[in-house]
Amino acid sequence: MNTIKVMGETLSNKIAAGEVVERPKSIVKELVENALDAQAKIIKVLIEDAGIRKIIVDDDGSGMSEDDALLSFQRHATSKIFTELDLFNIGTLGFRGEALAAISSISKISLHTGKANRASTLIKIAGGVLEEVCQKDERLGTKIVVENIFYNTPARLKHLKSSQTEYMHIFEYLQKMSLARTDVRFEFVADGRLVFKTYGTGKIEQTLAMIYGDKIANYYYEFSAQDGDFSVSGIITHPQMQRSNNKVINLAINSRTVRHYGINRAIISGYGNLLPKGMYPIVAINVEVDTQLVDVNVHPAKLEVRLSQEKQLEDLVKKAVEETLITENLIYKNTSQPRKIKSSEQYSLSLENTQKQHLVAEKTELYVAGPRKVVNYPNGVDVKRPSRVLTQAEQQAVAQIMPVAAVQQVEVQKLVEISALAPSLAENAGKKTAIEVLRQLSVIGQFDATYILAQRDTSLYLIDQHAAQERIKYEQHMRAVRNDTRIPTQDLLFPLSIHLELEALNAVKAYKTELEKNGINLELFGVADVRVNSVPTWIQKLDIEVFIRKAIDCLVMYGQFDNAIIREKELIMLSCKYSIKAHDQLDKVEMEKLIYELSETEIPYTCPHGRPIVIEHSKYEVERWFKRA
Ligand code: ADP
Ligand code: MG
């Protein structure tokens with residue numbers, strides 16, 4: 001007797017659903033991707049109880065004929081690929097033809113779809129069983145209602161996390177998709193409240209502001225870069241906008257939202273030590289690549305892809321990020337109004353607020369056409385300066401000057417002039433480079449023997465003297481090691497003898513030249529002693545023996561000196577340990593010298609650990625402290 005049987009379609013669909021439909025978000029994702037594949041320009045997503053009770057996705061895409069609509073629920077039914085060759089050249093988000101079959105097997109579903117000039121089709125299916133087909137009035141596009149997810153797979157239902165978690169998954173997916181497809185209007189309604197809405201204008205900054213707050217308007221940089229195989233474009237932001245969760249790195253490959261460890265890493269390394277360890281920049285990047293170079297069929301929910309020439313892409317991304325940042329003034333600013341809201345609140349803007357926000361954005365088009373700089377790099381990386389959305393403060397300033405109704409009449413150019421009156425625009429005279437800013441600072445004094453106070457134009461600057469010197473020393477050492485230049489040394493009047501342990505002794509023997517480049521000149525004598533003849537000039541005031549031992553400890557700890565990363569760690573240690581400390585009284589000349597030296601560094605914004613060195617406080621900000629503004 002046979003024990004093996006081919007399973008029925010309903011069962012096999014349920015099994016497929018186990019892979020495709022992990023949670024409500026998976027359904028939203030599949031349906032939205034179907035809408036996008038159908039060329040929809042407006043996609044409305046409506047959920048109830050985090051999608052568990054109901055998910056509606058309504059699009060204005062191509063729609064389906066009755067025959068297609070019936071077929072679409074069959075497993076392996078797709079309009080997207082037909083031959084095996086197509087599998088290696090996928091230009092659509094879907095291609096497996098299993099999503100609708102899978103979703104309909106674990107829920108109650110109704111599909112209403114139609115094309116121009118003919119009756120539309122309404123289909124109802126429950127647990128994979130067709131219950132009703134009928135014709136309705138003409139409608140363009142497709143509306144799918146999915147209810148009671150997992151009602152017939154209780155184990156799955158049990159596995160769902162809290163409504164809040166499931167909701168967040170959907171929310172985050174829609175945000176990422178909105179960033180990947182700024183040409184499409186997305187509307188997201190949860191439990192009767194409008195959560196967000198995008199405009200499909202192609203302006204990514206609008207979407208960014210909606211997701212991460214208006215403040216971002218002053219802190220983002222648009223860029224694009226391409227080589228023979230890849231074209232990368234998007235937005236990166238000022239390190240000041242950093243977050244502790246890497247979800248803020250939004251990546252899309254051919255407009256497919258995916259995660260990719262290598263590209264994330266490339267972005268982060270492009271920021272170098274502008275960011276502390278474990279912090280992430282807000283980024284939205286889309287990679288365009290020939291569909292033949294990307295395998296999208298490697299993950300059950302298509303959350304990951306496999307790329308050919310991955311390393312090449314990572315290099316391109318890293319370089320693009322680096323070169324975009326290098327052209328910007330990245331001095332930290334305390335200028336716009338901090339929004340005193342918890343992140344959870346941020347995620348669920350009240351309907352009222354959301355509507356207000358949209359009113360402003362939609363009706364008045366508060367939009368400043370900023371200088372659009374295109375720098376052509378020899379390596380083919382284009383860096384473009386973005387236009388700028390007005391900050392909330394600026395919008396308010398404008399609104400104060402003119403009632404909304406009046407604002408609507410004014411064309412954009414006029415608004416630019418008016419908004420120039422807004423105080424927080426003054427701080428954004430921004431064309432001056434950071435170097436100029438630093439060189440124009442006049443020192444006011446020192447606070448708590450730790451921070452230098454300085455001013456320029458209408459801003460007050462606070463400078464962390466320790467962080468500043470760390471940066472200066474770090475770059476000196478970097479230069480010394482990289483370019484084989486030597487940092488200034490000072491011969492010791494009385495050479496210092498130090499007794500070393502075996503391990504330390506070996507390290508000294510192995511890295512004698514490296515030490516010399518770093519200004520430490522020593523010779524071995526006796527069995528286990530070294531004689532230090534000269535040290536870097538800048539450590540004169542410090543305990544030389546402690547310094548030498550630390551340096552040697554580093555060598556022992558990291559072993560090899562030739563690895564760039566290790567070397568960098570080493571240098572960070574050196575520059576940190578032996579910089580001016582907080583609580584060092586500095587006189588005015590010393591402070592001025594420090595600021596000047598800082599202005600000579602490549603990256604005067606953060607110390608090697610990624611902490612800010614200089615923070616600008618606008619006069620407007622100070623006035624707000626005193627309730628004058
Ligand atoms: P796939 O997307 O992998 O082709 P699906 O099961 O998601 O598989 O969908 C099956 C087919 O149904 C699609 O190939 C498409 O032709 C059609 N379809 C699904 N959703 C829509 C929609 N919103 N608009 C137009 N056609 C759709
Ligand atoms: Mg699909």
Side-chain angles (χ1 to χ4, degrees), residues 9-10 12-22 25-46 55-84 86-107 109-116 118 120-125 128 130 133 136 138-146 149 173-174 177 181 184-187 254-258 291 295-303 305:
E9 170 133 336
T10 318
S12 73
N13 282 341
K14 265 198 189 182
I15 289 172
E19 288 212 312
V20 183
V21 189
E22 190 195 348
K25 174 219 131 186
S26 328
I27 297 180
V28 172
K29 177 173 186 285
E30 292 297 337
L31 298 181
V32 166
E33 292 186 354
N34 278 347
L36 289 167
D37 282 344
Q39 315 300 327
K41 286 287 159 210
I42 302 175
I43 301 176
K44 293 177 183 161
V45 178
L46 197 146
I55 295 171
I56 301 178
V57 176
D58 193 344
D59 71 52
D60 67 340
S62 62
M64 283 179 269
S65 65
E66 181 172 326
D67 289 349
D68 277 350
L70 283 165
L71 259 180
S72 68
F73 288 98
Q74 276 183 35
R75 184 113 185 257
H76 309 306
T78 180
S79 56
K80 298 169 194 175
I81 60 170
F82 301 108
T83 70
E84 276 171 56
D86 293 341
L87 191 54
F88 304 105
N89 202 356
I90 291 172
T92 49
L93 296 168
F95 55 88
R96 292 190 186 133
E98 61 184 8
L100 288 186
I103 296 166
S104 66
S105 73
I106 49 96
S107 65
I109 195 166
S110 95
L111 166 82
H112 186 189
T113 186
K115 292 169 138 357
R118 57 170 113 165
S120 59
T121 308
L122 177 71
I123 294 177
K124 289 189 176 166
I125 294 180
L130 185 64
V133 186
K136 294 260 175 190
E138 179 185 342
R139 114 179 280 275
L140 292 178
T142 304
K143 177 177 176 178
I144 299 191
V145 183
V146 182
I149 301 167
Y173 165 72
L174 289 174
M177 208 57 209
R181 291 295 304 268
V184 173
R185 292 172 67 149
F186 288 93
E187 197 177 306
N254 291 345
S255 299
R256 179 191 300 280
T257 59
V258 287
T291 48
D295 186 356
V296 292
N297 194 23
V298 295
H299 186 277
K302 294 172 282 186
L303 299 176
V305 296

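Counting starts at 1 for both ligands and their atoms, in listed order. A quick note: this is a predicted structure, and the numbers were derived from the prediction, not measured.
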Side-chain heavy-atom pair L31, V146 within 4.5 angstrom cut-off: yes
Does ligand 1 come near enough to G63 that some N or O of the ligand is less than 3.5 Å from an N or O of the residue? no
Identity and distance of the protein heavy atom lying nearest atom 2 (O) of ligand 1: K80 NZ, 2.7 Å
Just let me know how T142 lines up against ligand 1, side chain, backbone, both or neither, with a heavy-atom cut-off below 4.0 Å. side chain
What protein heavy atom sits nearest atom 6 (O) of ligand 1, and how far away is it? L100 N, 2.9 Å
What atoms of ligand 1 come closer than 4.0 angstrom to any heavy atom of F95? 1 (P), 3 (O)
Identity and separation of the nearest protein heavy atom to atom 4 (O) of ligand 1: T78 OG1, 2.6 Å
Ligand 1 atoms in contact with G94 (distance to a heavy atom under 4.0 Å): 2 (O), 3 (O)
Flag side-chain contact, heavy atom, 4.5 Å: P300 against E22: no
Is there a side-chain contact between L174 and V32, using heavy atoms and a 4.5 Å cut-off? yes
Heavy-atom check, side chain of I43 versus side chain of R181, under 4.5 Å: no
Residues which pass salt bridge (charged side-chain N to carboxylate O under 4.0 Å, His left out) with R96, listed by chain and number, not counting sequence neighbours: none
To check your reading of the model: name the closest protein heavy atom to atom 23 (N) of ligand 1, its residue, and the distance in Å. D59 OD2, 2.9 Å
Do T291 and I90 have side chains that approach each other closer than 4.5 Å (heavy atoms only, starting at C-beta)? no
For distances below 2.8 Å, what is the count of protein N, O or S atoms around the Mg ion (ligand 2)? 1
Do S120 and K136 come close enough that some side-chain heavy atom pair is under 4.5 Å? yes
I need the atoms of ligand 1 closer than 4.0 Å to a non-hydrogen atom of A99, numbered in the order shown. 6 (O), 7 (O)
Using distance alone, decide if ligand 1 has a nitrogen or oxygen within less than 3.5 Å of any nitrogen or oxygen in A38. no
Any A77 heavy atom less than 4.0 Å to ligand 1: yes
Any side-chain heavy atom of V45 within less than 4.5 Å of one from F186? no
Would you say ligand 1 has an N or O under 3.5 Å from any N or O of N34? yes
Heavy-atom nearest neighbour in the protein, as seen from atom 3 (O) of ligand 1, with distance rounded to 0.1 Å: G97 N, 2.7 Å
Could you check if a side-chain atom of I103 sits within less than 4.5 angstrom of a side-chain atom of I144, using non-hydrogen atoms only? no
Identify whether the distance between the nearest side-chain nitrogen and carboxylate oxygen of R185 and D60 falls below 4.0 Å. no
Check A40 against V184 and note the closest heavy-atom contact, atom names and distance. O-CG2, 3.8 Å
Closest approach of L71 to A77 (non-hydrogen atoms, all atoms of both residues): O-CB, 3.1 Å
Would I123 and L70 satisfy side-chain contact (heavy atoms from CB on, under 4.5 Å), going step by step from the backbone distance to the final call? CA-CA 8 Å; I123 294 177; L70 283 165; 3.7 Å; yes
For atom 16 (O) of ligand 1, find the nearest protein heavy atom and state the residue, atom name and distance (0.1 Å precision). S79 OG, 2.5 Å
Looking only at protein heavy atoms, which one is nearest to atom 18 (N) of ligand 1, and how far off is it? M64 CE, 3.5 Å
Protein residue, atom and distance nearest to atom 12 (O) of ligand 1, heavy-atom basis: S72 CB, 3.3 Å
Looking only at N/O atoms, are R96 and ligand 1 under 3.5 Å apart anywhere? yes
Testing M177, E30, K80, K302 one by one against L93 for a side chain to side chain contact (heavy atoms under 4.5 Å, CB included), which residue passes? M177
